Amino acid sequence: MTTTRSPFAHVGHERLIELCEQALSGLPGVDMLAFYDRGFHVFTITELDDAERQAQERAFRQLITEVVRFDGLVRDFGTGELMRTVVQTDDAAAHCGHVFEEEFLVGMTRDPAMAGAMDEAVSHLVTRIRKEIYLQADQLPGGRRGPRRTPDLESAVLKTATGDLPDPPLLSDLVDFLGETVDVNDLHYLAVYRDWHFIASADVLDSAVLAPWFGSVEGTDGARKLYVDFATRLRSDLPELAYSLRLLSEEPIRRLVLDVVSGAIYVYPLPNARGFVMGLTVFQPEVFVAENKLREAMERIADLLGTGDVAF
């Protein structure tokens, strides 16, 4: 791996560069790592040639612009700022981690099979930088990887909703499956969109244990409306995000994770359907578990809708 410093690198960045070089030494899966400070590129660590490195540095800067825009949207949910963003296509994946103030660390892999390893490595590195350099707390980006340390919570209060689908039995099967998948312990909300229209949703937001997140004046109905508004915007936001990453990958986005201080929003596009599945958790330790539960549900959802195979 070669480290390339920009003219904006200064003595205050040396310890940060050292930590990044140590982290990437012998670590498979991370093809490039770059750091940006207040919009300026500071340094890159990679084995890519200069032309490709410079192209990816531009792609990373555009990704940061999109992350800042998404941050403004997800803050309306009342679960904190956006601290980890993961975008994956059929041939690449990128992780944009918010380090401190206006500083971002971006990692990338060209091997989709290594997306998880790359994501975890960058999360750990962001945490180490925050703790060792800025003396900040661990925000647990990506959630915990080990077993749950607390007992399962009480049974949930389930609420479902439906939109337009010509086949009532199919819609009923879909709603039943969404209701079986959401869980007060981790995956709190699921919604399906097809042809950019709402099809169905299930959630456990009315459960007593979630009242600290949804007990405001707007309540759970207000939260559901915010989620629908956010999902409606994705018709334009997903193509904009894909266009901004065209130097990284020209393939369609298969996975988007917006990891906030308390939980995460997941967007998994549905092949050939002009739609997606959107999931949400407000439990930060369960971010990893909740996404795995959503990923496992994708095949059944795609099968019910007849949208073809899913990528994950």
Side-chain angles (χ1 to χ4, degrees), residues 1-6 16-17 19-36 41-67 70 82-99 104-129 141-142 145 238-259 264 266-269 271 276 288 291-292 295 298 308-312:
M1 289 281 186
T2 300
T3 301
T4 304
R5 292 169 170 79
S6 81
L16 195 153
I17 293 172
L19 289 180
C20 291
E21 289 175 336
Q22 290 174 359
L24 289 189
S25 178
L27 181 68
V30 183
D31 295 324
M32 179 168 156
L33 191 72
F35 186 79
Y36 295 79
H41 169 252
V42 178
F43 67 86
T44 296
I45 305 174
T46 186
E47 291 182 344
L48 300 178
D49 61 44
D50 285 347
E52 181 66 9
R53 171 183 60 79
Q54 291 170 7
Q56 297 313 314
E57 287 169 356
R58 293 194 296 273
F60 286 6
R61 183 179 289 108
Q62 291 169 337
L63 173 59
I64 291 171
T65 298
E66 290 297 305
V67 167
F70 272 108
L82 181 56
M83 62 178 182
R84 164 182 164 262
T85 303
V86 181
V87 186
Q88 187 170 348
T89 69
D90 286 336
D91 62 3
H95 170 138
C96 180
H98 179 225
V99 178
F104 294 90
L105 186 68
V106 186
M108 176 269 284
T109 181
R110 289 290 195 189
D111 182 358
M114 297 301 296
M118 179 277 297
D119 178 24
E120 187 174 5
V122 177
S123 290
H124 287 167
L125 186 51
V126 167
T127 296
R128 188 178 179 191
I129 292 169
R145 295 299 199 273
L238 285 177
E240 286 182 24
L241 177 60
Y243 182 76
S244 74
L245 292 174
R246 64 195 183 280
L247 294 175
L248 171 66
S249 173
E250 295 185 352
E251 296 295 321
I253 292 173
R254 295 298 192 184
R255 169 182 174 234
L256 171 64
V257 180
L258 302 171
D259 189 349
Y266 316 101
V267 179
Y268 275 54
F276 53 88
F288 180 73
E291 184 178 6
N292 280 343
R295 183 183 288 113
M298 285 299 296
D309 294 335
V310 292
F312 307 109

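All values below come from the heavy atoms of this structure, side chains included, with hydrogens, waters and symmetry mates left out. Computed from a predicted model, the values in this text were never measured in an experiment.
At a threshold of 4.5 Å between non-hydrogen side-chain atoms, the residues Phe43 and Leu16 count as touching. Counting only heavy atoms from C-beta outward, the side chains of Leu256 and Thr85 approach each other to under 4.5 Å. Using a 4.5 Å cut-off on side-chain heavy atoms (C-beta onward), Glu52 and Gln56 make contact. By the 4.5 Å heavy-atom criterion applied to side chains, Cys20 and Leu105 are counted as neighbours. Under the 4.5 Å side-chain criterion, counting only non-hydrogen atoms from C-beta, Phe60 is in contact with Met108. Side-chain contact between Leu82 and His98 is absent, with no heavy atoms from C-beta onward closer than 4.5 Å.
Remark: Tyr36 pairs with His41 by the ring-ring contact (aromatic ring centres under 6.0 Å, His included) rule, at least two apart or across chains. With sequence neighbours left out, Thr127 forms a side-chain contact (heavy atoms from CB on, under 4.5 Å) with Lys131, Asp138, Pro141. Residues passing the side-chain contact (heavy atoms from CB on, under 4.5 Å) test with Ala115, sequence neighbours excluded: Gln88, Ala93. Annotation: ring-ring contact (aromatic ring centres under 6.0 Å, His included) contacts of Phe276 (sequence neighbours excluded): Tyr193. Remark: Ser244 engages Gln62, Glu66, Leu241 in a side-chain contact (heavy atoms from CB on, under 4.5 Å) (not counting sequence neighbours). In this view, Glu250 satisfies the side-chain contact (heavy atoms from CB on, under 4.5 Å) rule with no residue, not counting sequence neighbours.
Between Arg61 and Glu57 no salt bridge is recorded (no basic side-chain N to carboxylate O distance below 4.0 Å).
Contact between Leu63 and Cys96 at its shortest, heavy atoms only, is CD2-CB, 3.9 Å. For the pair Leu245 and Ala59, the tightest heavy-atom approach, listed with the atom from each and the gap, is CD2-O, 4.2 Å. The two residues Ala242 and Ile253 have their closest heavy-atom pair at N-CD1, 3.7 Å.
Exactly one of Arg255, Arg254, Arg110 qualifies for a salt bridge (charged side-chain N to carboxylate O under 4.0 Å, His left out) with Asp90. That residue is Arg254.
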